[in-house]
Amino acid sequence: MVYRVDVLLFDKFETLDVFGPVEILGSLPDIFKLNFISVNGGLVESSQNVRVDTNLYMNEEGIEKILLVPGGRGTREKVHDNDFINFIKNISKESKYTISICTGSALLAKTGILNGKRATTNKRAFKWVTEQG
């Protein structure tokens, strides 16, 4: 089985949340095909000023997809961006698996897809994340 991993980036994402998992998944190229995406495509900048060129999301039939949502300072703004939350919700419906890192769980909570499920996040941000859904 081959999975396309759609790594959703947004301004002020946390580089560790992205590149830690990407390093592991990227070491298995016969199983995981990495695809950096954002709402508008193009350059996205992390909290650490790392710029990543992203693609627009494409729903290709017959491809198993994994959605990876990182955390970072940008999540504090993005939980109030209804278009962004709906974007995540729609991609999640088309993905076999949806995973988050750290405060990326706040974005998933805001979509409602964590309702009735067990989830966790950074202990320092736990109260704020659980307030999202």
Side-chain angles (χ1 to χ4, degrees):
M1 177 68 57
V2 176
Y3 295 93
R4 185 183 77 200
V5 182
D6 292 314
V7 182
L8 178 59
L9 300 184
F10 48 88
D11 285 329
K12 300 181 196 160
F13 71 89
E14 175 62 43
T15 56
L16 181 61
D17 293 0
V18 171
F19 296 113
V22 161
E23 183 170 337
I24 300 302
L25 298 171
S27 70
L28 300 166
D30 294 337
I31 300 172
F32 301 108
K33 305 297 181 198
L34 300 172
N35 183 38
F36 294 98
I37 62 169
S38 65
V39 171
N40 298 314
L43 291 175
V44 176
E45 191 168 307
S46 76
S47 295
Q48 297 76 20
N49 302 314
V50 174
R51 299 175 82 187
V52 178
D53 194 12
T54 64
N55 300 306
L56 291 171
Y57 174 76
M58 292 177 46
N59 182 21
E60 298 175 67
E61 295 297 321
I63 294 176
E64 294 288 355
K65 293 174 281 300
I66 297 172
L67 173 60
L68 189 152
V69 181
R73 283 189 262 153
T75 60
R76 275 69 170 176
E77 298 166 19
K78 288 297 187 187
V79 295
H80 303 293
D81 183 337
N82 289 331
D83 291 336
F84 187 75
I85 296 302
N86 286 328
F87 183 69
I88 293 172
K89 194 174 197 174
N90 291 333
I91 294 174
S92 181
K93 290 176 187 174
E94 299 167 356
S95 301
K96 182 163 182 149
Y97 300 104
T98 299
I99 57 178
S100 67
I101 313 299
C102 199
T103 56
S105 59
L107 299 171
L108 297 186
K110 195 71 169 188
T111 68
I113 61 177
L114 293 181
N115 292 350
K117 295 186 171 83
R118 292 179 56 138
T120 192
T121 190
N122 182 317
K123 291 176 188 173
R124 292 183 187 168
F126 190 83
K127 184 180 183 309
W128 175 75
V129 170
T130 57
E131 290 170 352
Q132 306 313 309

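None of these values were measured; they are calculated from a predicted model. In this chain, residues are counted from 1 in sequence order.
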Any chance you could measure [X], atom [atom1], to [Y], atom [atom2], to the nearest 0.5 Å?
{"X": "L34", "Y": "L25", "atom1": "CG", "atom2": "CG", "result": "6.0 Å"}
{"X": "T120", "Y": "L114", "atom1": "OG1", "atom2": "CG", "result": "11.0 Å"}
{"X": "T75", "Y": "L108", "atom1": "OG1", "atom2": "CG", "result": "11.0 Å"}
{"X": "K33", "Y": "L28", "atom1": "NZ", "atom2": "CG", "result": "10.5 Å"}
{"X": "D11", "Y": "R51", "atom1": "CG", "atom2": "CZ", "result": "10.0 Å"}
{"X": "F87", "Y": "Y57", "atom1": "CZ", "atom2": "OH", "result": "8.0 Å"}

Could you label the plane-to-plane angle of the F36 and F19 rings as parallel, tilted or perpendicular, counting under 30° as parallel and over 60° as perpendicular?
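F36 and F19: tilted rings.
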Regarding N59 and K65, is there a side-chain donor-to-acceptor distance under 3.5 Å anywhere?
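The answer is yes; a qualifying pair exists.
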Determine which pairs satisfy ring-ring contact (aromatic ring centres under 6.0 Å, His included) with at least one residue from residues 60-84, sequence neighbours left out, and list them in order.
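Counting only pairs at least two positions apart or across chains, the ring-ring contact (aromatic ring centres under 6.0 Å, His included) contacts touching residues 60-84 are F10-F84.
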Which atom of [X] lies closest to which atom of [Y], heavy atoms considered:
{"X": "G41", "Y": "S38", "value": "N-OG, 3.0 Å"}
{"X": "L67", "Y": "S95", "value": "CB-OG, 3.7 Å"}
{"X": "G42", "Y": "T54", "value": "O-OG1, 2.6 Å"}
{"X": "I101", "Y": "P21", "value": "CD1-CG, 4.0 Å"}

Linking I/L/V/M/F/W/Y whenever any side-chain heavy atoms sit under 4.5 Å apart, do [X] and [Y] land together?
{"X": "M58", "Y": "V7", "value": "no"}
{"X": "L68", "Y": "V50", "value": "yes"}
{"X": "V39", "Y": "V5", "value": "yes"}
{"X": "M1", "Y": "I63", "value": "no"}
{"X": "L16", "Y": "I99", "value": "no"}

Are [X] and [Y] close enough that some pair of their side-chain heavy atoms sits under 4.5 Å apart?
{"X": "V18", "Y": "V52", "result": "no"}
{"X": "D30", "Y": "V2", "result": "no"}
{"X": "L8", "Y": "I88", "result": "yes"}
{"X": "T15", "Y": "F13", "result": "yes"}
{"X": "T111", "Y": "S92", "result": "no"}

[X], [atom1]: over 12 other non-hydrogen atoms inside 6.0 angstrom:
{"X": "K12", "atom1": "NZ", "answer": "no"}
{"X": "R76", "atom1": "CZ", "answer": "yes"}
{"X": "E23", "atom1": "CD", "answer": "no"}

Looking at residues at least two apart in the chain, or sitting in another chain, which of them share a salt bridge (charged side-chain N to carboxylate O under 4.0 Å, His left out) with D17?
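Checked D17 against salt bridge (charged side-chain N to carboxylate O under 4.0 Å, His left out); zero matches.
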